[in-house]
Amino acid sequence: ADRVAAEKRLQRDHFLWSYAQVLDRYGKPDHITVLPGGELYWMYEFEDGRMRNFTFADGRVIRADL
């Protein structure tokens, strides 16, 4: 339940952020993947084991995951 609430909070807090906003907050991603629909998927892996993943469409975050 805590993870679900945390993901909802992350999604709400980052929805429609630009590339620059994500870069300013988290720095360069560890991995970038182009999804079949053309969306960009940025993956962050932090030293403490936390992860953040962002899916972008038209330069804006449309999904954020832990």
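- Qualifying salt bridge (Lys or Arg N to Asp or Glu O under 4.0 Å) partners for Glu7, counting only residues two or more places apart in sequence or in other chains: Arg3.
- Atom CG of Asp13 is separated from atom CZ of Arg25 by 8.0 Å, given to the nearest 0.5 angstrom.
- In this structure, Tyr44 contributes its side chain and Gly27 its backbone to a donor-acceptor pair below 3.5 Å.
- One hydrophobic cluster holds both Ile32 and Phe46 under the rule that ILVMFWY side chains link at heavy-atom gaps under 4.5 Å.
- Put simply, CE on Met51 and CG on Leu66 are 10.0 Å apart, with the number rounded to the nearest 0.5 Å.
- The closest side-chain heavy-atom distance from Val61 to Ser18 is not below 4.5 Å.
- Within the 4.5 Å cutoff, the side chain of Leu23 has heavy atoms near those of the Trp42 side chain.
- Nearest approach of Gln11 to Ile62, heavy atoms of both residues: NE2-O, 3.3 Å.
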| field | side-chain hydrogen bond (donor to acceptor under 3.5 Å, both in side chains) assessment of Gln21 paired with His14 | value | CA-CA 9 Å; Gln21 287 172 293; His14 294 77; over 6 Å; no
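- Distance check: Leu10 CG to Phe54 CZ gives 5.0 Å after rounding to the nearest 0.5 Å.
- You'll find the ring centres of Phe56 and Tyr19 inside the 6.0 Å limit.
- Rounded to the nearest 0.5 Å, atoms OH (Tyr41) and CG (Leu35) are 8.0 Å apart.
- Evaluation of the side-chain hydrogen bond (donor to acceptor under 3.5 Å, both in side chains) test over residues 55-66, restricted to residues two or more places apart or in two chains, returns Arg63-Asp65.
- Inter-residue side-chain proximity for Val34 and Leu40 is flagged as met; some heavy-atom pair is nearer than 4.5 Å.
- The CG atom of Asn53 lies 8.5 Å from the CD atom of Glu45; values are rounded to the nearest 0.5 Å.
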